[in-house]
Amino acid sequence: MFKIKAFSTKFLVTNRLPFPFPFPFQQSLLRRSLAVAVMSTAAVKRVGTHNGSFHCDEALGCFMIRLTNKFSEAHIVRSRDPKVLETLDAVLDVGGVYDPAKDRYDHHQKGFEEIFGHGFNTKLSSAGLVYKHFGKEIIAKELQVDEDHPDVQRLFLAVYKNFMEAIDAIDNGINQYDTDQPPRYVNNTHLSSRVGKLNLDWTDPDQSSEKENGAFEQAMALAGHEFMDNVRSLARSWLPARSIVMQCLEARLDVDPSGEIMVLDRFCPWKLHLFELEEEMKINPPIKYVLYQDDRSKSWRVQAVAMAPDRFESRKALPAQWRGLRDDELSRESGIPGGVFVHMSGFIGGSQTYEGALAMAKAALKL
C-alpha cells in the first residue's frame with residue numbers, strides 16, 4: 001500500500017493535484033483524502049485570491065482579513081478558476097466582483113471607482129477594500145476597545161493616510177505627483193516593491209505551486225508585519241501626541257492674547273497634528289510660533305510654523321535681522337536677554353529660558 005504525502009490545509013491549491021499519481025485509483029483515493037482534510041476544517045473559512053504572480057495589495061488584504069472575527073485564521077486558496085472561487089467564503093483581488101455583502105473584494109473590473117472617502121480620493125486596491133470594511137474592527141481589537149470608541153475612528157483615518165493609501169495608489173498605477181516628467185530616481189525600497197521581489201525568480205528551476213504559495217506566505221508576513229507596526233506606532237506615539245497638541249492649542253490664549261503662539265508643555269511630534277487640529281477646531285488666526293523645551297540642552301526653542309506640512313516656507317519666519325546671530329550678539333540685536341541662536345532661514349531660534357523664548361515669539365509677531 002502506498003503512503004499518502006502529508007497535506008497542509010493552510011494553502012489549498014485547487015487548480016491541480018499537488019503531485020502526480022500514475023493510476024486512476026490512486027488519484028481517486030488522494031482526492032477523497034483531500035476532501036476529508038478539508039471537511040475536517042469545515043468550521044474554518046476559506047479566503048481566495050489568485051495564483052501566479054502576487055502583489056502587495058492581495059498579500060496585505062489576506063493578512064488583514066484573517067485578523068477579523070469572521071475570517072479568523074482562514075485558509076488561503078489561490079486559484080483563478082471561477083468554479084473554485086464561487087465556493088469560497090471571501091475572494092480578494094480576483095473574480096471581477098466588488099460586493100461586500102458577499103465578501104467579494106476585486107478592483108480590476110470595468111466601472112470600479114470605489115474610494116475610501118473621508119476626504120481621500122485614491123481608487124482602492126483589494127487591500128484598501130478590506131481595510132475600508134474591516135479596518136475599524138482590526139484597530140479596535142488591537143486597542144482592546146469598542147469600535148465606536150473615538151480613538152478607533154482617529155486611528156482608522158490615520159492608518160489610511162500614513163500607510164494604506166500608498167498601497168492603493170501604487171497598485172492602481174497612480175503617480176505621487178502630477179507631472180509628465182520622468183522621476184529623478186528609482187525607488188525600489190517601498191513595501192509594494194519589496195513584496196514584489198518575493199515572487200519566484202524566472203530563473204528558479206522550481207516554479208511549483210507549493211513554492212509559489214510559500215513565497216506568498218512570506219509576502220503576507222512582510223506586509224502584515226509592517227501594517228501592524230504602523231497601527232501600533234500610531235497608537236503608541238501619534239495618538240497621545242494628538243491629545244497633547246489639542247490641550248496646548250486650547251490653552252493658547254493663556255500664553256498670548258493674539259492666540260498665535262502655542263507652548264508645548266512636553267515635547268511630542270506636533271506638526272501634522274497642528275495642521276489637522278487647526279482645521280478641525282476652526283482656529284483663526286493660525287498659530288505662527290510653537291515653543292518647546294529641548295530635552296538635551298534644557299534651553300527653549302521657538303519654531304515658526306510652516307505654510308503646510310510639506311512646505312519649507314514659514315507662515316511668519318523669525319525676523320531677518322536676527323537670522324544667523326548667536327548668543328550675546330543675538331541678545332543685543334533683539335533686546336531680549338538669553339538668546340542662543342536663530343537659524344539663517346528664520347524657521348527656528350532658541351533662548352536659554354522659557355521667558356526669553358516667549359519674548360522672542362511675541363516680538364517676532366510685531367516685526
So, does [X] use its side chain to make a donor-acceptor pair with the main chain of [Y] at under 3.5 Å?
X	Y	value
N199	F54	yes
H273	W238	yes
N187	T189	yes
S233	N230	no
Q293	K298	yes
N175	Y177	no
T49	L92	yes
R242	P240	no
Q207	D201	yes
K362	M360	no

Residues in ring pair (Phe, Tyr, Trp, His ring centres under 6.0 Å) with H190, at least two apart? none
Of all pairs that satisfy side chain to side chain donor-acceptor pair (under 3.5 Å), the ones with a partner from [range], not counting sequence neighbours:
range	answer
residues 152-163	K136-Q153, D151-R154, Y160-D168, K161-E276
residues 303-319	E278-R315, Y292-Q303, R311-E313
residues 325-342	none
residues 248-259	D256-S258

Do K132's NZ or CZ and the ring of F116 fall within the cation-pi criteria of under 6.0 Å and 45°? no
Of all heavy-atom pairs between M307 and F275, which one has the smallest distance, and what is that distance? O-CE2, 3.9 Å
Heavy atoms of L143 and A235 approach each other most closely as CD2-CB, 3.7 Å
CG on L67 to CD1 on I139, rounded to 0.5 Å: 11.0 Å
[Y] versus [X], side-chain donor and acceptor atoms under 3.5 Å:
X	Y	value
D294	S299	no
D171	H107	yes
N69	K141	yes
T68	E137	no
S79	D81	no
H75	R46	no
H55	D57	no

Parallel under 30°, tilted from 30 to 60°, perpendicular over 60°: which one fits the rings of [X] and [Y]?
X	Y	result
H133	Y105	tilted
F156	H118	perpendicular
Y98	F112	perpendicular

Can we say [X] and [Y] salt-bridge, meaning some charged N sits less than 4.0 Å from an Asp/Glu carboxylate O?
X	Y	answer
E114	K123	no
D204	K211	yes
E58	R78	no

Please confirm whether the ring centroid of F63 lies under 6.0 Å from the ring centroid of H225. no
Mind checking whether I348 and V245 sit in one hydrophobic cluster, side chains of I, L, V, M, F, W, Y counted as touching below 4.5 Å? yes
Using the rule that two of Ile, Leu, Val, Met, Phe, Trp, Tyr join whenever any of their side-chain heavy atoms come within less than 4.5 Å, decide whether L318 and L291 are in one cluster. yes
More than 12 non-hydrogen atoms from neighbouring residues, nucleotides or ligands closer than 6.0 Å to CD on Q109, yes or no? yes
Greater than 12 external heavy atoms within 6.0 Å of K197's NZ: yes
Inter- and intrachain pairs under ring-ring contact (aromatic ring centres under 6.0 Å, His included), touching residues 337-367, at least two apart: W300-Y354, H343-F347
